[in-house]
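Inspection log for the structure reproduced underneath, given as structure tokens.
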Amino acid sequence: MSKEAISMKSNLQNERISWPHSAAMQNVQHVVYWMQQAQRAEMNHALNMAVDIANDLHATLDVVFVLTGSVPEANLRHYRFMLEGLAETAEHITDQGMPFHFLAGDPVKSILALTGNSTLVVTDRGYLNWQRNWRCQLEQSLPPGFFCEVESDVIVPVQTASEKEEYAAATIRGKLLRQLENFLKPAPVHNYTLKRGMNLPAPADLAILSYRKGMDPGQLNDFAHRHLVFDSSVVPVKAFTGGISEANKLLETFLDKRLRLYSEQRNDPAAEIQSGLSPYLHFGQISSLDIALRALEHCGVPVYAAPELIRAKSGLPPEQAGLAAFLEELIVRRELSCNFCFYNEEYDNYQCVPMWARKTLNDHLGDPRPYIYSLEELETARTVDPYWNAAQTEMVKTGKMHNYMRMYWGKKIIEWSPDPETAYEVMLYLNNKYSLDGRDPNSYAGIAWCFGKHDRPWQSRAIFGSVRYMNSHGLRRKFDMQGYLQKIAGFS
């Protein structure tokens with residue numbers, strides 16, 4: 001059977017599948033699904049593709065996750081949340097009759113150690129440079145045609161949505177919405193039929209933990225700590241527990257109690273209106289497609305009406321207005337971020353900032369700064385601004401910061417730094433160190449936005465030039481900031 005026939009039979013949109021070379025499919029005896037970005041059993045297009053290939057070719061199948069200490073800036077906080085989710089994912093996958101294995105080491109070398117001339121590797125897609133480098137190295141190391149990458153993280157595949165880096169939400173919105181209905185479809189699920197038990201021909205020197213149904217999650221933690229070296233200075237948080245079950249609870253609560261208020265109150269730091277799903281999206285424990293479909297179903301809105309709903313600006317009843325605003329964030333803004341990281345290799349440094357913004361910031365380098373704070377002072381929330389201190393404390397204590405406060409937080413760091421390059425480095429360091437949803441396309445785009453990315457020039461002022469400015473007067477005018485301070489004080 002050809003790869004084209006398998007793609008058609010899998011009922012996946014061809015745009016999701018990257019399979020650049022022809023392969024002699026009759027030679028495939030073993031399929032490995034290397035799970036990396038999409039850390040879930042449900043609504044996982046890459047997993048479903050691997051199952052379909054194994055079934056059609058009567059090949060054995062193994063699901064593999066490689067734990068590695070080489071993920072940039074990851075620490076104990078991130079690993080603990082990820083491992084909580086992976087333990088649940090492994091249980092769900094073994095429930096479906098598929099073997100699941102944890103490896104420890106370099107991802108490319110570990111996967112290659114499992115493969116031979118008859119092994120096809122299927123994986124999900126990642127947008128960050130280090131994720132793409134892993135996939136590129138693996139593809140180049142395997143025989144031509146024995147590597148297949150499947151888009152599982154966004155709703156409209158990045159390269160289908162646009163062939164270039166988009167300037168702003170306004171330029172990508174129409175492109176996404178024109179194609180949205182075609183991709184707002186549940187991922188097809190087919191059961192693995194061969195079920196020959198553990199298929200992995202693992203070398204003796206490979207660190208491996210084969211998951212068994214009902215396994216104590218503590219064994220996975222022990223395995224990770226035994227084989228990985230990572231930063232343990234950032235402690236795990238109690239505010240979030242990893243896994244699809246927790247993500248589903250948050251989503252159900254949001255839809256039932258908060259969605260109808262989302263349009264009007266989502267930016268209020270004192271209100272508990274946001275979904276809280278960004279850590280789960282970052283680790284791929286829940287998919288944006290699943291969230292979007294369930295939100296539409298909850299509101300009784302058919303899929304074909306979603307694009308027009310997102311375009312609507314006024315005149316909607318509260319629940320539909322909330323849904324429109326939520327889908328704008330979940331689809332348009334999130335997929336703009338993925339577009340940014342996919343097409344701009346400089347997404348994680350100051351060079352990604354638009355030229356107009358860099359020029360105006362540079363023109364104002366000589367402007368007096370009211371304060372210059374050291375990294376240590378910022379990290380420990382010791383500034384004159386109680387709202388900024390509260391936002392930093394929220395991130396350190398809970399692993400997440402309210403989205404509106406993250407914008408304010410970033411703008412003040414620009415104001416309090418000797419130059420914008422230093423401010424950029426400080427923001428990346430703090431956000432990636434403490435946020436569970438750090439090191440994510442949304443985070444990189446959000447930090448770049450503070451410097452003018454995906455924005456437009458505003459009225460010129462000191463320090464910022466024509467880059468958008470935010471101040472504490474605006475916070476107090478719009479929101480119950482005393483309520484926010486009291487809420488954060490409860491975390492201390």
- Message: Would you say the ring centers of His225 and Tyr79 fall short of 6.0 Å from each other?
- Response: no
- In terms of heavy-atom contacts, Phe146 and Leu142 come closest through O-CD1, 3.5 Å
- Any Arg334 side-chain heavy atom under 4.5 Å of Glu329 side chain: no
- Would you indicate whether the side-chain heavy atoms of Ser18 and Arg125 approach each other to under 4.5 Å? yes
- Output the distance between atom CZ (Arg439) and atom NZ (Lys433), rounded to the nearest 0.5 Å. 13.5 Å
- Task: Go through the steps for Phe342 and Tyr347 under the test ring-ring contact (aromatic ring centres under 6.0 Å, His included), then give the verdict.
- Result: CA-CA 9 Å; Phe342 187 83; Tyr347 65 81; over 10 Å; no
- Message: Nearest 0.5 angstrom please: Ile291 CD1 to Ser275 OG, how far?
- Response: 6.5 Å
- For the student: nearest non-hydrogen atoms of Ala224 and Phe230, plus distance: O-CE2, 4.3 Å
- Query: Do Asp106 side-chain atoms and Lys109 backbone N/O form a donor-acceptor pair below 3.5 Å?
  - Reply: yes
- Message: When you compare the side chain of Tyr33 with that of Met98, does any pair of heavy atoms fall below 4.5 Å?
- Response: no
- Query: Is Gln179 reaching over with its side chain to a backbone N or O of Thr160, donor-acceptor style, under 3.5 angstrom?
  - Reply: yes
- Item | Euclidean distance, His58 NE2 relative to Ile53 CD1, rounded to 0.5 Å | 14.0 Å
- Test Phe340 against Tyr127 for ring-ring contact (aromatic ring centres under 6.0 Å, His included), laying out the working first. CA-CA 9 Å; Phe340 165 53; Tyr127 312 106; over 10 Å; no
- Item | Short side-chain donor-acceptor distance under 3.5 Å, His78 and Asn75 | yes
- Closest non-hydrogen atom pair, Val154 against Val158: CG2-N, 4.1 Å
- Test item: Ser287 side-chain N/O and Asp290 main-chain N/O as donor-acceptor pair under 3.5 Å: yes
- Item | Pair Phe81 + Tyr280: ring centers closer than 6.0 Å | yes
- Message: Are Leu220 and Leu67 packed together at the side-chain level, in the sense that at least one heavy-atom pair is separated by less than 4.5 angstrom?
- Response: yes
- Arg333 NZ/CZ over Trp449 ring centroid, <6.0 Å and within 45° of normal: no
- Below 4.5 Å, heavy atoms only, C-beta onward: do Met405 and Trp409 meet side chain to side chain? no
- Should Glu149 and Val122 count as side-chain neighbours, where that means a heavy-atom distance under 4.5 Å? no
- Query: Do Gln37 and Arg135 touch side chain to side chain, with heavy atoms closer than 4.5 Å?
  - Reply: yes
- Message: Just so I know, are the side chains of Phe451 and Arg358 near enough to count as touching, which here means a heavy-atom distance under 4.5 Å?
- Response: no
- Query: Nearest 0.5 Å, what's the CG-CD1 distance between Leu251 and Ile244?
  - Reply: 8.5 Å
- Message: Looking at every heavy atom in both Ser337 and Ala445, which two are closest together, and how far apart are they?
- Response: OG-CB, 3.3 Å
- Any chance the rings of Phe65 and Phe100 have centres within less than 6.0 Å? no
- Short side-chain to backbone donor-acceptor contact, His454 and Ala170, under 3.5 Å: no
